[in-house]
Amino acid sequence: MISKLLVANRGEIARRVFATCRALGIETVAVHSDADADAPFVAEADQAVRLPGNAPAETYLRTDLILDAARRCGADAVHPGYGFLAENAGFATAVTDAGLTWVGPAAKAIAAMGDKIAAKALLAEAGVPMLPTWTDPAQVTTFPVLVKASAGGGGRGMRVVRDADGLAEAVAAARREAAAAFGDGTVFIERYVERGRHVEVQIFGDSHGTVVALGVRDCSIQRRHQKIVEEAPGVLTDEVRERLHEAAVSAGRAVDYVGAGTVEFLLAPDGEIHFLEMNTRLQVEHPVTELTTGLDLVRLQLLVAEGAPLPLVATPPATGYAIEVRLCAEDPGQGYRPATGTLHRFTLPGVATEFGSLSAPGLRLDSGVFDGSAVSVHYDSMLAKVIAWAPTRAAAARALAGALARAELHGVTTNRDLLVRVLRSPEFAAVDVDTGFLDRHPEVFAPLLPAEQLPLVALAAALASAADRRTQAGVLGGLPSGWRNVPAFPQVTRFTDARGGEIEVRYRLDRSGGLAEWSVDPAVDGTPAAEGGTDLATSDVTLVEASPARVVLDVDGVRRVYRVHRVGSAVFVDGPAGATGLAELPRFPLPTAALAAGSLLAPLPGAVARVHVEVGQRVAAGDLLLTLEAMKLEHPVLAPTAGLVTELPVPAGGQVDTDAVLAVVTPDEESPS
């Protein structure tokens, strides 16, 4: 029996495992880097051990440090979570050699499935259907194809190539990214299926020879080949579902699988299924399986690791429908690059449970953060998984979209608006989904807050800021907001919005504190607005209430409530039409140093992986200047215009912060002769 479990991971998955351990009476041990010292998972563990090292992400890859932590705390078992060492056969062997219980499949199975090229060959012999695959780019004669990393997943190292001209560069880039992410740059190429759905089967095996399928998940909604929406049991015919179950169980039996695993497939439009890969660990999306089967998969992992037989021998029936979204720290204005910062507020309404089961329709939250958490460049950008369970798919989608739309997510930009638009789209409702969904539907990338509503949001922010100053004004706080000896003179508050545009709010209050007049300029996309904003010029806007945290406006007889949260100069506004963040500008700004024309700034903290040009080199618009590596991904920095490279202040390997100058390209008309 396991008495004390060390989780060799961090964040949300560590908290998830701890939750089951608490229910079972198992003591818990967390390991953490210096960057994670104040993280929620560290606080929740019964004991915690610091992993020393200057590279926070790499400390979780140190087998020696993790085993030493287990020894010092008296842990008798290790759970790897997912990511880091979860699919490392050497780590599994080291754990068992140390006399500890390994909560996962045997090292032999991990090794067999870890090399995706060898895994495809092995499972093909077991009768699992495969796509045509090549290891030599010269052998590829048909397109489109997909370049994939052999040693890892999560979309890293993956490239779609539609013609022979782009194959060599795609292979080279995939090798670099795979080497950086997994320590192995081996890649392979397989036929790319247009309009395919990404479906997967949760399997479970025990040491008594049982391997069972626990249902299907549909993970087709993906961006950059990374899943963002997952659902179970998936909308499939009974015949396709049965074939998927059979193929997945065959894959598990081929490697004598023990523990939790996932067999991933591509479902072609003609109904054919093709094996993609097998993940020898618990998946990020496992909660949708838990909510539709009533099983605790972590509990089953611990049970099997202790040598007990599985309590089931057949696929359990699915109850209801579950949909999960991955809420990530990403900047929509920067092509959804990973974002960093401090999460000042993290509130989702209607959450019924964290990491647990649901006895009635509702929401489950699996999160690695809370108010005040720092989102750093060192780790994956996922903040939380939000999961809805309901009797039907439509009910689950509606509940999940509504909760996300009302969530207060302040301090770090996220992909929340994208997730809501996907869940509310007619195509998603009609199950018209596949891995190319986002490419075909650019409309879902639009922010929830309509541009024409920005004037009202800015007005609410200005009124809340004035109320906040009034509460701090001491004896003068009793005066009406904006009181003037000359009442015709308006108050002026200036902001920058998420797009970097400047907004000026002018308003005047009457002697009773009501809104006498107001205007916002410019209101939308830098275009000067009419009185009251673009579509609000003829609206009758009345101030009902204004406090530092809440502003109520009556617009043509309809009351609108705006929740306002200030942190320094940052102002976060959540309203009925959507949410946005503004930055209040000082009335008397200090002078700042001007940047050289053509300066290219770092969009987020990271390291310069490679510099592809030299000072004095002439480049064309779109040429690759350098590659920035951050949050386990490569971010190309391209020349914005044709010109001359006049500065490259950061060499390869150099670390940079957000807005650091990476390069300066002097446009041709300004280049020195």
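This chain uses plain numbering: 1 for the first residue, then up along the sequence. Every heavy atom of this structure was used, including side-chain atoms; hydrogens, water molecules and symmetry mates were not.
With hydrogens and angles left out, the side-chain atoms of Thr262 and Arg217 include a donor and acceptor closer than 3.5 Å.
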Item to check | CA sep, side-chain torsions, deciding dist, call: Glu169, Arg176, salt bridge (charged side-chain N to carboxylate O under 4.0 Å, His left out) | outcome: CA-CA 11 Å; Glu169 174 53 32; Arg176 289 194 302 267; 3.7 Å; yes
Item to check | Working for salt bridge (charged side-chain N to carboxylate O under 4.0 Å, His left out), residues Glu330 and Arg223 | outcome: CA-CA 12 Å; Glu330 296 175 334; Arg223 187 176 47 75; 2.4 Å; yes
Next on the checklist: One pair to check against side-chain hydrogen bond (donor to acceptor under 3.5 Å, both in side chains): Ser150 and Asp115. What are the steps and the verdict?
Outcome noted: CA-CA 6 Å; Ser150 179; Asp115 183 338; 3.1 Å; yes
Next on the checklist: If you apply the rule salt bridge (charged side-chain N to carboxylate O under 4.0 Å, His left out), what do you find for Glu277 with Lys120, and how did you get there?
Outcome noted: CA-CA 8 Å; Glu277 63 185 20; Lys120 288 169 75 74; over 6 Å; no
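Here the side chains of Ser367 and Lys385 are not in contact, with every heavy-atom distance at 4.5 Å or above. When side chains are defined from C-beta on, Leu282 counts as touching Ile13, because their heavy atoms get closer than 4.5 Å. Inter-residue side-chain proximity for Glu200 and Cys219 is flagged as met; some heavy-atom pair is nearer than 4.5 Å. Under the 4.5 Å side-chain criterion, counting only non-hydrogen atoms from C-beta, Thr141 is not in contact with Trp134. Side chains of Ser376 and Thr340 form no contact here, defined as non-hydrogen atoms less than 4.5 Å apart. Counting heavy atoms from C-beta outward, Val187 and Val171 have side chains that approach closer than 4.5 Å. Side-chain atoms of Asp165 and Leu167, non-hydrogen and from C-beta on, never get closer than 4.5 Å to each other. Taking the side chain as every heavy atom from C-beta outward, Ile387 and Leu291 approach each other to under 4.5 Å.
Between Arg162 and Glu194, at least one side-chain N (NZ, or NE/NH1/NH2) sits under 4.0 Å from a carboxylate O, which counts as a salt bridge.
Relative to the six-membered ring of Phe428, Arg393 meets both conditions, a distance below 6.0 Å and an angle of at most 45° to the axis. For the pair Arg421 and Phe445, the NZ or CZ position fails the cation-pi test of under 6.0 Å to the six-membered ring centre and within 45 degrees of the ring normal.
For the pair Thr210 and Leu310, the tightest heavy-atom approach, listed with the atom from each and the gap, is CG2-CD1, 4.2 Å. What you find for Arg424 and Ala405 is that their closest heavy atoms are NH2-CB, 3.9 Å. In plain terms, the two heavy atoms of Gly333 and Asp331 that are nearest each other are N-OD1, 2.9 Å.
The main-chain N or O of Val420 is never found under 3.5 Å from a side-chain atom of Asp417 such that the two would form a donor-acceptor pair. Under the 3.5 Å distance criterion, the side-chain polar atoms of Thr20 are left unmatched by any main-chain donor or acceptor of Val17.
By the ring-ring contact (aromatic ring centres under 6.0 Å, His included) test, His441 pairs with Phe437, sequence neighbours left out. Residues satisfying the ring-ring contact (aromatic ring centres under 6.0 Å, His included) test with Tyr192, not counting sequence neighbours, are none.
Between His286 and the choices Glu230, Glu324, Arg16, Gln202, the side chain to side chain donor-acceptor pair (under 3.5 Å) rule is met once, by Arg16.
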